[in-house]
Structure formats: C-alpha cells, structure tokens
There are 2 protein chains.
Amino acid sequence: MTSTPTAGKAGRRRDPEKDAQILQATLDVLAETDYADVTIELVAARAGAGRHTIYRRWEGKDELILAAIACTDSADLGPDGLPDTGTLRSDFLALLDPNWMGGNERRLRILSSVSAMITRTTKAVDAVTKAIVDPSTAAYRFLIQRAVDRGEYAPPRNLDALAQVIPSMAAYRAFFMQQVVDEEFMLSIIDGVVLAALREPSAVNR
Amino acid sequence: MTSTPTAGKAGRRRDPEKDAQILQATLDVLAETDYADVTIELVAARAGAGRHTIYRRWEGKDELILAAIACTDSADLGPDGLPDTGTLRSDFLALLDPNWMGGNERRLRILSSVSAMITRTTKAVDAVTKAIVDPSTAAYRFLIQRAVDRGEYAPPRNLDALAQVIPSMAAYRAFFMQQVVDEEFMLSIIDGVVLAALREPSAVNR
DNA sequence: CTAATACGGCACTAGACAGTGCCGCAATCG
DNA sequence: CGATTGCGGCACTGTCTAGTGCCGTATTAG
C-alpha cells in the first residue's frame, strides 16, 4: 500500500519522506486535539502535503490514524532504552524526565485522543495495545524484575499487576482528571503504592 | 432553565418526567456509543421525545451532556451504600457485584465516551470529576480508612494514592485495553497491589 | 371558550468534512 | 523527447447533523 514503485515503471517516485512527515503530522494533531477534530485537511497542511498525497497512501482517515499509532516511537521503552541507575526507585524517576515526559506526556495525549476510535474499531484497540499499552507495561515489568533479580526486593506476588500500576494511574490522572503527571505525583505512586507493595528479600539484604 | 412555569401562567406545563427520561437516554447513548456519535436525534428518539423538547430545556448538545453526567447516579458510592463485610478484601469484592459491575461498567463507558469532550471543555472535566472520579476514589478511601480504624491494617503511607489504585487500573483496563473488569482481574489488583501495600499493624493484631 | 404554552413530527437551513476530479508542474524511465 | 506517475492546490459532490420554523394536537389558566 505504501510501497514505492521500484519496478521499471516510468514516472516520479513517491517521496518516502512524505510518509513519515504525514504520520508525524497525524500524531501531532492527534496529540493536540481530539480524534473527531483530526481532519485530513489539518494533517495535510501540517505535513505540507496535499490531501491526495494522503489518500494515495492510505485508504481513509481511520487507516491513516491506525498507521500513525503503529509508528509511535516506543523504541525508547525497550530494555536498551531504559535507565539503569542501581535502585528501582531512581530507575522509576529517571523514566520521568527525558523521553518520558514528552515522551510519555505525548503518548498519553495520543492515547486519550484515540479513545474515541477505540470504542468502535477492534483494530484501534490492537494498534494502541501493541504500540503504547504493552510497551509501557513491559518497561515497568522489566525494571521491577531486574530489581528483584539483583536482590533489591523479594519476588512480588503478582508482577504483571504491579507493572501496570504506574501506566494506569498516570493515564487516569492525565486523562480523566486532566492533571499533570509531575514528579510529586509519580513519587506518591512509587513510594505509596509500588514500592510499598514490594518486600525486602527476607534473607541476605544486598 | 429547566424550571417549570409554576407562576400563574397559562399553557401546558412541562413534563418533569421528560427531563429525567431525556437525561437517562443521553446516558444510555453515551454508554453505548461515543461522544461524537451522540446525536440529539438519537437521544430524542430514545427518550420518545421531539428534538424541540430537548432544545427547550438545554442550550445545546454540550449542555445536555454535561447535565447528564452531573446526574449520573453515584449515590450508591456514598458511605451508606458501601458494603461492610468485616474485612477489607471482601468489601472490595462486594463492590464488584451489585451496582458496581453495571454500575461501574456503565460509569466506565460513560467516562470513556466523554473523554472526547474532556480534552476541550473545562466544564466537562469538572462535571466528570465531581460525578464519577471523586466519588469512586472517596469510596475506596473510605473502605481502606475504615479497615485501618478497626485495626485490620496499619495506616498507609499514602492513603490517597492507594485509594486511586483500583479506579485507575479498572478504568485503564476497561477503557484502553477494552477488556472486562471481572473478578479475576480485580483480585489480582486487590491482592497483588492494594493489600500488598498495606501492612499488618505491628502491635496488637485484632 | 380563548389565549398561551408544551409536545411530537416534519421540513428546512447552514456549516463542516470526507472523498474525488481536474489542473499545472516536477521527476523519472525508456 | 514522450509517456507515466507523484505532488500541491482548487473546486466540487455527498453526507451528516446542529439548530430552527411550522403544523396539528394536548394541556392548563382565567
């Protein structure tokens, strides 16, 4: 669908840059307004493109948005992009700064904008799950597991549930309460919930 | 605005029932579809009313929806409506059944539908906060505090954060993950997070 | 009864937006 | 060069829906 006519066809080639520009513009608009307010016109203008250029590459509005979600940059949430500060608490805090709050703030806004779509399309749920929800949970699961492995805490009763605490509460606050997810809030969750639910290993302590 | 002409005016009186029917229909539609798909036509049809009857009472679509949110029945979340089973764990579980899942399932759906509105209007945030977010948090805060008061657990480090765990994680799951908030899931949060973060009182135990 | 208001149903206006067609220009192949 | 395709911009169609006006009917005060 987005393939460039590499064959021996005549004619001008599709600009691969445009794909990225359009998807990025889509994410920008999605992060700033709401799904219903995302117009192709707006995206095209933002990307410096014509509407046709968009319709030539994607079936329609929904397909475009799904593609944009799928290319949300979650690479920084892979094990390699995660901080390793020595303690779980400061790992959590390190996530707050660089990619995370601007990074995450953006992810949260996109997440909320797409919510309208989620209630209708199964594909949207899949896209959001794959691009945003799963990577976030996986990142926290990784950090906690690593802390357990190095003996900082005893293995938790339910790692998966614990790994979802911060994404859930941050999303709830940013989205439904429309309040900033700042360090103060994060600390209240980290200390008051996640770390509180973890126990020191009963035997040797460090 | 919704006042019935009680003065010595002539003419047919406004049907007070209609107010409730229309607001209820609005909530129904909100719970089933999405904010953008809530048409006055749909609400009117559901309420067995004409569109004029709606416009006669509210300024427009947004006002109607705000009014509907405000009348979400959260009375069952007051202290009097909450279960008192003797232990915090079974209190939590009791919330899952009666008003809660059908009750809460409905609240969650409405919450998600209004999300589109939240990103634009401050009033919507206020309405949702007052009608849904705050009552939910308050209910859990009450249950936890009561358990602490009767000596079941030691006072938590951060009661407010803890009280938001279940609403947040339930909303996140129901909304962004589009998965059912069933007993299995609730138990994983209750045991794996909330109760894990609470400690037995160090001194006399019960 | 008469005047005034509420009600449901229908038709209408106005605006917004998805999607398409066309034009002129740019790039690329043979 | 000529054919073919990509591109931005403009105009157009079709649809959907908020909001309003009108009609016939029902209700109520005086």
Side-chain angles (χ1 to χ4, degrees), chain A residues 1-26 29-30 32-68 113 116-117 120-121, chain B residues 1-26 29-30 32-68 113 116-117 120-121:
Chain A
M1 182 184 298
T2 319
S3 62
T4 315
T6 41
K9 295 289 206 66
R12 182 175 174 173
R13 305 291 176 76
R14 279 190 195 171
D15 186 357
E17 290 263 331
K18 277 295 166 193
D19 281 73
Q21 285 175 21
I22 292 170
L23 291 176
Q24 202 55 44
T26 305
V29 177
L30 219 45
E32 285 168 18
T33 71
D34 177 67
Y35 168 78
D37 294 332
V38 175
T39 66
I40 301 290
E41 173 65 36
L42 214 61
V43 172
R46 176 76 63 111
R51 303 231 291 284
H52 258 314
T53 308
I54 294 179
Y55 284 111
R56 196 175 292 120
R57 291 155 201 248
W58 294 279
E59 290 282 335
K61 185 178 170 179
D62 282 359
E63 302 295 327
L64 169 65
I65 294 184
L66 287 177
S113 292
M117 211 173 158
R120 291 185 312 208
T121 325
Chain B
M1 182 184 296
T2 319
S3 63
T4 316
T6 42
K9 296 288 207 66
R12 181 174 175 175
R13 304 291 177 76
R14 280 190 195 170
D15 187 356
E17 290 263 332
K18 278 296 166 192
D19 282 72
Q21 284 175 20
I22 292 170
L23 290 176
Q24 203 54 44
T26 305
V29 177
L30 266 179
E32 286 168 16
T33 71
D34 176 66
Y35 167 79
D37 294 333
V38 175
T39 66
I40 301 290
E41 172 66 35
L42 215 61
V43 173
R46 175 76 64 109
R51 303 231 290 286
H52 259 313
T53 308
I54 294 179
Y55 284 111
R56 197 175 291 121
R57 292 156 201 249
W58 294 278
E59 289 283 335
K61 184 178 170 180
D62 282 0
E63 303 296 325
L64 170 65
I65 294 184
L66 287 177
S113 291
M117 212 173 157
R120 291 185 311 205
T121 325

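In the text below, chain A, chain B and the rest are named by the order of the sequence lines, each starting its count at 1.
Note on B:R46 versus B:E41: no salt bridge recorded, every NZ/NE/NH1/NH2 to OD/OE distance being 4.0 Å or above.
Side-chain nitrogen and oxygen atoms of A:K61 include none within less than 4.0 Å of the OP1 or OP2 phosphate oxygen of C:dC17. A close approach under 4.0 Å does occur between a side-chain nitrogen or oxygen of A:R57 and OP1 or OP2 of D:dC7. Here A:R56 reaches the OP1 or OP2 of D:dC7: one of its side-chain N or O atoms lies under 4.0 Å away. Distances shorter than 4.0 Å separate none of the side-chain N or O atoms of A:T53 from OP1 or OP2 on D:dG6.
Between B:R57 and B:E63, every side-chain heavy-atom pair lies at or beyond the 4.5 Å cut-off. Using a 4.5 Å heavy-atom cutoff, the side chains of A:D19 and A:W58 are in contact. A:M117 is listed as a side-chain neighbour of A:L66, based on a closest heavy-atom distance under 4.5 Å.
Between A:D62 and B:G50, it is B:G50 whose nearest contact on DNA chain C lies nearer the 5' terminus.
With hydrogens and angles ignored, a donor-acceptor pair closer than 3.5 Å exists between the side chain of A:R51 and the base of C:dG19.
Listed candidates were D:dG8, C:dG19, C:dA4. Nearest to the side chain of B:A10 is C:dA4.
For the pair B:K61 and B:Y35, the distance from NZ or CZ to the six-membered ring centre is under 6.0 Å and the angle to the ring normal is within 45 degrees.
Using a 4.0 Å cut-off on heavy atoms, the residues of residues 37-47 of chain B that approach DNA chain D are B:V38, B:T39, B:I40, listed by number.
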Base-contact (B) and sugar-phosphate-only (S) positions in nucleotides 21-27 of chain C, heavy-atom cut-off under 4.0 Å, - elsewhere
BB---BB

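Take A:T26 and apply the side-chain contact (heavy atoms from CB on, under 4.5 Å) test, not counting sequence neighbours, and it matches A:I22, A:V43, A:L64, A:I65, A:A68.
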